[in-house]
Amino acid sequence: MHAPIGPGIHEPVPELPEAETIARQLHAGLAGAVVSSVRVQRADILHGDPRPLAAVIRRRRVEGVTRRAKRVQVQLDGGVMLVFRLGMSGRLTLVPRAAPVEPHTHVCIRFRARGDELRFRDPRRFGGVWCLSGREAYAGRRMGEVGPEPLTLEQSAFAAILKDRRRSIKSLLLDQTLIAGLGNIYCDEALFAAGIHPLTPAGALDGPSAQRLLRAIKRTLNRAIDANGSTLSDYRRPDGLDGSYQFSHKVYGRLGEPCRRCRVPIEKLTIAGRTTHLCPVCQVGRR
DNA sequence: ATGATTTCCTGTAGGC
DNA sequence: TGCCTACAGGAAATCA
């Protein structure tokens, strides 16, 4: 199906394009459906409204499914929203009720007059489900605030985020409170596309570099969305088919392979505790 | 205040 | 064959 993407690297992550793909497919498949029953296998992945989930969402209608940052949001009538944070290994699938339930399936939601059900599975449990109803003030983990969406971010706002920051541009881009939705894969891809070294202090980027970077971020994300995301080991679309953006990766998971621009081997280093792939020749600006 | 580091958790792969 | 260890990382917590 798909080969491992590099030595020791087999567990990539649903980032913005994957969450967008999931949200679009679930919207197409679920809009208008009415919740009939709920099974919660693990209560500790559920946060927000402290009441039993079934009591809150049963008989509510799905108004739509949207994305915010890397989160998939199922809007129900009555002002109730289910927010799925996929973490690293989270998957949302819409499958026939009779389909075998895979291990680490934590929540299943059925709908009236339908033969399928929505399943949330997350082996590593870095993700979770938030039931937001207006009564979630103190129950479970809080869901942190996130920064602006990169796809609609203006250049001036981006420049303000970078200004005077001494931390590396890579760690800044991963900070969800500053910009929402970028993860390790698309950070590396965007920095390569912009020709910027990931260790460059964010505030040291000049105007043209910052402009190049934001454009590269938008282009990278949009292309990945068009390809239905990257399918690696963990991420799958709700319909079970694969995305294809992994075939477009220029640096991520290509340690030791030749740069597609200059043929020099791709290198990796660790920034903010995360593996970072880069071309040492094409990406400049480190200081 | 800022940014770097650690922690949570499981599946997979590589070494022996 | 099977045990053991290292590693992947989003985001919150902790440290310097």
Side-chain angles (χ1 to χ4, degrees), chain A residues 1-20 22 41-48 67-73 83-92 102-106 120-130 138-147 150 160-189 198-204 221 229-236 246 249 251-256 266 268-277 286-287:
Chain A
M1 179 92 264
H2 45 265
I5 54 171
I9 303 170
H10 304 281
E11 303 289 341
V13 179
E15 302 182 26
L16 186 153
E18 290 74 26
E20 179 69 28
I22 293 166
Q41 306 284 359
R42 272 199 80 109
D44 61 346
I45 55 96
L46 191 55
H47 315 282
R67 175 196 63 76
R68 168 77 169 111
K70 304 172 188 175
R71 304 164 180 176
V72 176
Q73 311 180 133
V83 181
F84 293 88
R85 216 168 63 188
L86 301 175
M88 275 199 50
S89 58
R91 288 192 200 175
L92 273 172
E102 296 183 273
H104 309 293
T105 297
H106 305 313
F120 175 68
R121 186 177 171 245
D122 184 15
R124 239 151 297 181
R125 304 209 302 281
F126 285 4
V129 185
W130 278 257
Y138 43 81
R141 283 199 331 231
R142 273 189 61 80
M143 192 171 55
E145 293 299 312
V146 292
I161 291 169
L162 301 181
K163 185 169 161 39
D164 295 333
R165 302 256 174 191
R166 288 199 297 228
R167 65 197 293 191
S168 69
I169 184 61
K170 161 101 184 209
S171 93
L172 182 145
L173 292 178
L174 286 173
D175 187 334
Q176 301 297 300
T177 67
L178 298 176
I179 299 172
L182 286 170
N184 207 33
I185 296 174
Y186 296 108
C187 268
D188 285 3
E189 294 299 318
L199 283 174
T200 309
L221 293 175
S230 303
T231 296
L232 301 162
S233 302
D234 276 338
Y235 163 72
R236 286 291 161 78
Q246 66 276 16
H249 292 172
V251 287
Y252 185 83
R254 297 193 65 245
L255 176 64
I266 297 301
K268 78 167 186 178
L269 47 85
T270 299
I271 301 177
R274 290 181 189 105
T275 302
T276 299
H277 295 81
R286 179 182 176 181
R287 216 194 29 181

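Order of the sequence lines fixes the chain letters, A, B, ..., with proteins taken first and strands second; residue numbering starts at 1 for each chain. Just so it is clear, the structure is predicted and the values come from calculations on it, not from any experiment.
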For [N], does OP1 or OP2 lie under 4.0 Å from any side-chain N or O of [X]?
| X | N | value |
| --- | --- | --- |
| Thr275(A) | dC7(C) | no |
| Arg165(A) | dT2(B) | no |
| Tyr252(A) | dG9(C) | yes |
| Arg166(A) | dG3(B) | no |
| His104(A) | dC9(B) | no |
| Arg85(A) | dA12(C) | yes |
| Lys268(A) | dA8(C) | yes |

Protein-nucleotide distance ([X], atom [atom1]; [N], atom [atom2]), rounded to Å:
| X | N | atom1 | atom2 | value |
| --- | --- | --- | --- | --- |
| Asp44(A) | dC9(B) | CG | P | 9 Å |
| Lys70(A) | dA12(C) | NZ | P | 10 Å |
| Arg124(A) | dC9(B) | CZ | P | 13 Å |
| Arg121(A) | dG11(B) | CZ | C1' | 10 Å |
| Leu172(A) | dG10(C) | CG | P | 15 Å |

Derivation of the side chain to side chain contact (heavy atoms under 4.5 Å, CB included) call for Lys170(A) and Leu199(A): CA-CA 7 Å; Lys170(A) 161 101 184 209; Leu199(A) 283 174; over 6 Å; no
So which of Glu18(A), Gln73(A), Glu20(A) actually passes side-chain hydrogen bond (donor to acceptor under 3.5 Å, both in side chains) with Arg67(A)? Glu20(A)
What are the two closest heavy atoms between Gly144(A) and Arg71(A), and how far apart are they? O-NH2, 2.7 Å
Of all heavy-atom pairs between Leu178(A) and Arg167(A), which one has the smallest distance, and what is that distance? CD1-NH1, 3.8 Å
All N/O contacts under 3.5 Å from nucleotides 14-16 of chain C to the protein, with atom names and distances to one decimal?
none

Look at all strands and tell whether Arg274(A) reaches a base, only sugar-phosphate, or nothing, counting heavy atoms closer than 4.0 Å. base
Within the structure shown, what part of the strands sits under 4.0 Å from Glu15(A) by heavy-atom distance: base, sugar-phosphate, or nothing? nothing
On DNA chain C, nearest-nucleotide positions of Gly144(A) versus Phe126(A): which is more 5'? Phe126(A)
5' precedence on DNA chain B between Gly273(A) and Asp164(A) (nearest-nucleotide basis): Asp164(A)
Residue Pro123(A), side-chain atoms from C-beta onward, closest of dG9(C), dG11(B), dG3(B): dG11(B)
Can you tell which of dG10(C), dA4(B), dG9(C) lies closest to the side chain of Leu174(A)? dG10(C)
Test Asp188(A) against every option in Thr276(A), Thr275(A), Ile271(A) by the side-chain contact (heavy atoms from CB on, under 4.5 Å) rule and name the one that passes. Thr276(A)
Which value, rounded to the nearest 0.5 Å, describes the distance between Phe126(A) atom CZ and Ile45(A) atom CD1? 15.0 Å
